[in-house]
Participant: 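My questions will all concern the structure given below.
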Amino acid sequence: MKLWDAKFKKELDKEAEVFTSSLSVDKKLADYDILGSVAHVKMLAKCKIIKGKEAKKIVSGLKEIGRELEKGKFLFKDDEDIHTAIERSLTERIGPLGEKLHTGRSRNDQIALDERLYTKDEIKKIVSQITEFQRAILRAAKRYQNVIMPGYTHLQHSQPVLFSHWLLAYLEMLERDKQRFNESYVRVDVSPLGAAAGAGTSLPIDRKFTAKILGFTRVAENSIDAVSDRDFLLETASASSILMMHLSRLSEEIILWNSEEFGFLEIDESFATGSSLMPQKKNPDIPELIRGKTAKVYGGLFALFSLMKNLPLSYNRDMQEDKKGFFEMMEIVSSCLSISTKFLPKIRLDKERMKEMAEKGETTATDLVEYLAMKGVPFRKAHRVVGKILGYLEDSRKTLKELTLTELKRFSDKFEKDALERIKVESSVRSKTSFGGTSPKQVQARIRDWEKRLA
Ligand code: ARG
């Protein structure tokens, strides 16, 4: 017997039964389903739709199911979904009274409710995991505060920067990620319960009451929208995708920098794997897998977009397919944040190599341009002057570092002895004192700000 087959003359085909079942996936929502049912039943009693005594019995039956589920002792049968499994088991336990549970409710508002409760918890977890990761990044930034490395544009050396400044760039990205999750949370935090199948109900229910005891800030104001809306999944999935894009970029840089060619850092052995063939190998599998798993999260986001784009209002069974990918997405995000928090603090830098490379490619040429600009030379002209110097260096197979003041003066009489000082990477970094720039003073101030914000 099904919840819905009273008018059916034929039994559901076995294969169709398996095909339509979502139990293997929505099992995961069991706790939320029980939470929602308990709130619903309490409301039914409060509104005198069922008796107080009846509600008590139903609630204690539901709680017993909850305990069994927790211990893994709950007996699933060939139930269509988690809602059916719980209701079936409740009726087996407490008799026909169990059949009152679904009064004034549909599985359409029930599943929307379960998914919202789940998503709220996931967002809270992810936000706190992001904060943990930010703290780990901040500690690393402090530890390596004055390490100089080449900055890049187009993956070409641009100007020297502090490694700590580079780390803080990721801290900023993660902060925006956190904001995005928190802002989406506001729209997840809306109760659909009581929208029933989509039209509302003739029973005198109190939607605000259930919303309140379930911890929702708002109640969905349109019953059709309440059961049709999956924006909250899309928003969370898109915040997740952007977060993963950041983790993936970070991973990519670590993979590159760990290579023989860059040699900026070394990954700790406890977070690397070897090769079954080449005994010398130590591979950066953790960041590689983060990069790889990012693809799955994007796939999940696009699956949701494609799922929803043609659906007429209100509920359609297609929507059952929203869960698997979304759950997987949440697991990926959480595990990637967790492993990153452990992995990143363990990398070891080769500070000498980083500094040596920061000097390669005449990365302080712009410092000379700015030197001239400060002496009143129009920027465009200063740029040309330094361009000429670089051309001269190329012809004479020399580097900026080897320039003498006499040579400099041949290109502009504005150059004084202190210009030679500006060519050093340390002074280059020190001079970037504009707000948010890479000077040690600026970076230290940002580190202090972050320490307060993340305390
Ligand atoms: N298993 C369904 C889902 O995940 C629950 C809602 C079913 N509603 C329905 N009218 N068949 O979407």
Side-chain angles (χ1 to χ4, degrees), residues 1-8 10-13 15-37 39-40 62 65 69 74 76-90 99 101-122 188 190-201 210 214 220 222-234 236-237 300 303-331:
M1 199 177 81
K2 302 273 175 232
L3 294 176
W4 40 259
D5 65 358
K7 75 148 240 189
F8 283 63
K10 287 186 184 170
E11 248 191 43
L12 182 62
D13 177 90
E15 194 172 335
E17 186 162 58
V18 174
F19 188 79
T20 50
S21 169
S22 57
L23 186 63
S24 62
V25 174
D26 58 28
K27 251 183 198 168
K28 201 179 172 73
L29 297 172
D31 288 348
Y32 299 110
D33 203 70
I34 289 177
L35 218 62
S37 289
H40 181 66
L62 286 168
I65 294 173
L69 278 161
F74 181 84
F76 286 103
K77 297 189 177 164
D78 51 359
D79 305 298
E80 191 178 321
D81 51 31
I82 187 64
H83 325 300
T84 316
I86 290 171
E87 192 182 321
R88 185 235 343 121
S89 174
L90 179 72
E99 298 191 333
L101 171 65
H102 214 49
T103 314
R105 184 177 76 170
S106 153
R107 281 182 297 165
N108 297 353
D109 55 343
Q110 194 176 352
I111 187 60
L113 174 73
D114 294 1
E115 292 188 275
R116 282 178 185 269
L117 288 170
Y118 166 81
T119 306
K120 279 175 67 174
D121 277 353
E122 288 302 308
V188 185
V190 181
S191 174
L193 188 59
T201 171
T210 43
L214 287 168
N222 181 302
S223 57
I224 297 174
D225 179 46
V227 298
S228 315
D229 174 26
R230 292 294 183 269
D231 297 2
F232 65 98
L233 294 181
L234 273 154
T236 311
L304 282 173
F305 272 127
S306 317
L307 179 70
M308 298 306 294
K309 73 180 264 291
N310 283 350
L311 293 187
L313 303 184
S314 60
Y315 177 82
N316 299 272
R317 191 65 178 264
D318 315 42
M319 285 150 85
Q320 179 165 293
E321 295 299 319
D322 62 356
K323 284 171 274 306
K324 196 172 180 192
F326 187 73
F327 292 163
E328 189 181 27
M329 219 184 284
M330 295 297 102
E331 274 156 28

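Just follow the structure's listing: the first ligand is 1, and inside any ligand the first atom is 1.
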Participant: Heavy-atom count around K27 NZ within 6.0 Å, excluding the residue itself: above 12?
Facilitator: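 Buried by this count: over 12 neighbours within 6.0 Å.
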Participant: Which is it for Q110 and H102 under the side-chain contact (heavy atoms from CB on, under 4.5 Å) test, yes or no, and what are the steps along the way?
Facilitator: CA-CA 10 Å; Q110 194 176 352; H102 214 49; 3.2 Å; yes
Participant: Write out each pair where an N or O from ligand 1 and one from the protein are under 3.5 Å apart, with the distance.
Facilitator:
unit_1	atom_1	unit_2	atom_2	d
ligand 1	1 (N)	S22	OG	3.2
ligand 1	1 (N)	Q320	OE1	2.8
ligand 1	4 (O)	K323	NZ	2.6
ligand 1	8 (N)	N108	OD1	3.0
ligand 1	10 (N)	N108	OD1	3.1
ligand 1	12 (O)	Y315	OH	2.5

Participant: Just one of D322, D318, D225 clears the salt bridge (Lys or Arg N to Asp or Glu O under 4.0 Å) bar with R230, so which one?
Facilitator: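 Only one of D322, D318, D225 forms a salt bridge (Lys or Arg N to Asp or Glu O under 4.0 Å) with R230, namely D322.
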Participant: May I ask you to check whether T201 and R105 show a side-chain donor-acceptor distance below 3.5 Å?
Facilitator: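 Checked: T201/R105 side chains show no N/O donor-acceptor pair below 3.5 Å.
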Participant: Which residues pass the salt bridge (charged side-chain N to carboxylate O under 4.0 Å, His left out) test with R116, sequence neighbours left out?
Facilitator: D229
Participant: Can you tell me how far OG of S22 sits from CG of D81, rounded to the nearest 0.5 angstrom?
Facilitator: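 Going from the CG atom of D81 to the OG atom of S22 covers 4.5 Å.
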